[in-house]
Amino acid sequence: MATGGEGGDTSKQELFHIIKRFGAYDIRSIGAVAGLAVAIVFTWRLLRSPAGSQRRQQKRQGATSSNPGVSTHSNASVVPSEACLPTDESRAQNVVDEFFQPVKPTLGQIVRQKLSEGRKVTCRLLGVILEESSPEELQVKQATVRSSVLEVLLEITKFCDLYLMERVLDDESEKRVLVALEEAGVFTSGGLVKDKVLFCSTENGRSSFVRQLEPDWHIDTNPEIVFQLARFIKYQLHVSPYKTERSAANVFSAPSLEQFFGSM
């Protein structure tokens, strides 16, 4: 009995020392301990909730498998809800990916970029704008504007001072060219006027037109004219179905006008 009494006194003394030691902390220390306890409880609940839901899901699956009236096929089709729904992290990543998805430039933006913001352009008609490739063809049939180049041509006229030019053999060929351009809507949809369609009787005449107008860009199919004008014109585009060597640093080449701007 004495031993039991001594043990009780000892326990009371230890409890008294603990209370006395705890009372030595000031109010701020107690508040910090309380805050830490709240944070631990909150973190424990956050980490515990997915596990709890998984356990509940496993219990539901176990109950289904123990039911003799449910087939094995139906058990295999049970999928945890967590696998069906995207996580918050994946949803946030999808939003970020959509926000930073690159925007495809418009044809107008591509044309301005390719022309290096040039404001004046001269262009040959045969083999570039028209289906025909020689002046002789214009004498025997109606001229035809290439449908694939029309969209690019109209974009150029929106922000460039465009001049079209060609060598013809008679007045009737001039009329055929103007009729073809008008029927294609070049004079109504774009900023081109008939006064900016120039005609000459020789290849040198076209070269003289270009030098007098002093464009930022000239577009031609004749390699000799391109070579002659390389010293005087800032940029040139040589349109040729065949791959040619670059005659100068300021001369570019492409199979067609629309392919140069990437619209085909």
Side-chain angles (χ1 to χ4, degrees), residues 104-139 143-169 173 177 180-181 184 186 190 192 196-264:
K104 185 179 180 180
T106 63
L107 179 60
Q109 292 172 334
I110 294 174
V111 169
R112 286 192 291 271
Q113 182 182 6
K114 283 280 192 175
L115 293 181
S116 304
E117 300 296 333
R119 289 299 178 181
K120 183 181 286 188
V121 178
T122 56
C123 180
R124 181 180 190 178
L125 283 161
L126 289 173
V128 181
I129 307 301
L130 301 178
E131 294 281 359
E132 294 74 25
S133 58
S134 68
E136 290 75 17
E137 292 181 72
L138 297 176
Q139 289 184 300
T144 305
V145 175
R146 301 175 63 242
S147 58
S148 59
V149 80
L150 187 59
E151 188 178 3
V152 172
L153 182 65
L154 295 178
E155 286 294 335
I156 294 175
T157 60
K158 288 180 181 179
F159 73 98
C160 285
D161 188 14
L162 177 65
Y163 291 83
L164 301 178
M165 54 190 64
E166 191 49 65
R167 177 173 74 93
V168 294
L169 303 178
S173 297
V177 171
L181 294 173
V186 175
L192 187 67
K196 292 184 179 180
V197 182
L198 310 177
F199 298 97
C200 57
S201 58
T202 63
E203 291 290 281
N204 288 334
R206 188 167 74 251
S207 180
S208 299
F209 281 156
V210 176
R211 292 190 59 179
Q212 291 173 14
L213 291 169
E214 297 180 345
D216 298 302
W217 279 83
H218 176 62
I219 304 166
D220 211 297
T221 60
N222 190 328
E224 294 182 3
I225 289 184
V226 171
F227 178 76
Q228 293 171 5
L229 294 175
R231 296 180 298 164
F232 308 103
I233 307 304
K234 188 175 181 180
Y235 299 110
Q236 287 191 95
L237 174 61
H238 179 207
V239 176
S240 174
Y242 309 104
K243 188 174 181 181
T244 59
E245 294 184 2
R246 199 168 182 177
S247 57
N250 60 340
V251 175
F252 301 86
S253 62
S256 65
L257 184 63
E258 57 270 29
Q259 285 183 326
F260 177 69
F261 292 107
S263 63
M264 273 192 67

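Only a predicted model underlies this, so the values are computations on that prediction, with no experimental measurement involved. Heads up: numbering here begins at 1 and tracks the sequence.
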Any heavy-atom pair between the side chains of Leu192 and Leu154 that's under 4.5 Å?
no
OG/Ser256 to CZ/Phe261 distance, rounded to the nearest 0.5 angstrom?
10.5 Å
Test your reading of the model: is there a side-chain donor-acceptor pair from Arg211 to the backbone of Glu214, 3.5 Å cut-off?
no
Would you indicate whether the side-chain heavy atoms of Pro223 and His238 approach each other to under 4.5 Å?
yes
So, Glu155 side chain and Glu151 main chain: donor-acceptor pair closer than 3.5 Å or not?
no
Please name all residues satisfying side chain to side chain donor-acceptor pair (under 3.5 Å) with Glu166, sequence neighbours left out, ordered by chain then number.
Arg124
Under the 3.5 angstrom rule, does the side chain of Arg119 hit a backbone N or O of Asp216 as a donor-acceptor pair?
no
Run the side-chain contact (heavy atoms from CB on, under 4.5 Å) test on Thr221 and Val128 for me, step by step, so that the C-alpha distance in whole Å, both residues' side-chain angles and the decisive distance to 0.1 Å come before the verdict.
CA-CA 7 Å; Thr221 60; Val128 181; 3.5 Å; yes
Check: Ile219 and Val239 side chains under 4.5 Å, non-hydrogen atoms
yes
N/O donor to acceptor pairs below 3.5 angstrom from side-chain atoms of residues 107-116, sequence neighbours left out:
| unit_1 | atom_1 | unit_2 | atom_2 | d |
| --- | --- | --- | --- | --- |
| Gln109 | OE1 | Thr106 | N | 3.0 |
| Lys114 | NZ | Phe260 | O | 3.3 |

Would a 4.5 Å heavy-atom cut-off, applied to side chains only, mark Asn222 and Val226 as touching?
no
Return the minimal non-hydrogen interatomic distance between Leu126 and Pro135, and the atom names on each side.
CD1-N, 3.5 Å
Should Ile129 and Cys123 count as side-chain neighbours, where that means a heavy-atom distance under 4.5 Å?
yes
For Ser173, side chain to side chain donor-acceptor pair (under 3.5 Å) partners two or more places apart
Asp170
Are Lys196 and Asp161 close enough that some pair of their side-chain heavy atoms sits under 4.5 Å apart?
yes
Please answer whether the main-chain N or O of Thr144 pairs with a side-chain N or O of Glu132 as donor and acceptor at a distance below 3.5 Å.
yes
For residues Gln236 and Asp220, is any side-chain donor paired with an opposing acceptor at under 3.5 Å?
no
What I'd like to find out is whether the side chain of Pro215 reaches to under 4.5 Å of the side chain of Val121, using heavy atoms alone.
no
Donor + acceptor pair across side chains of His218, Thr122 (<3.5 Å):
yes
Shortest non-hydrogen contact from Gln259 toward Pro255
OE1-CB, 2.8 Å
Can a side-chain donor-acceptor contact be found between Ser207 and Glu203 if the only test is distance below 3.5 angstrom?
no
So do Arg206 and Ile225 actually touch side chain to side chain, heavy atoms under 4.5 Å?
yes
Can you tell me if Lys234 uses its side chain to pair, donor with acceptor, with the backbone of Trp217 under 3.5 Å?
no
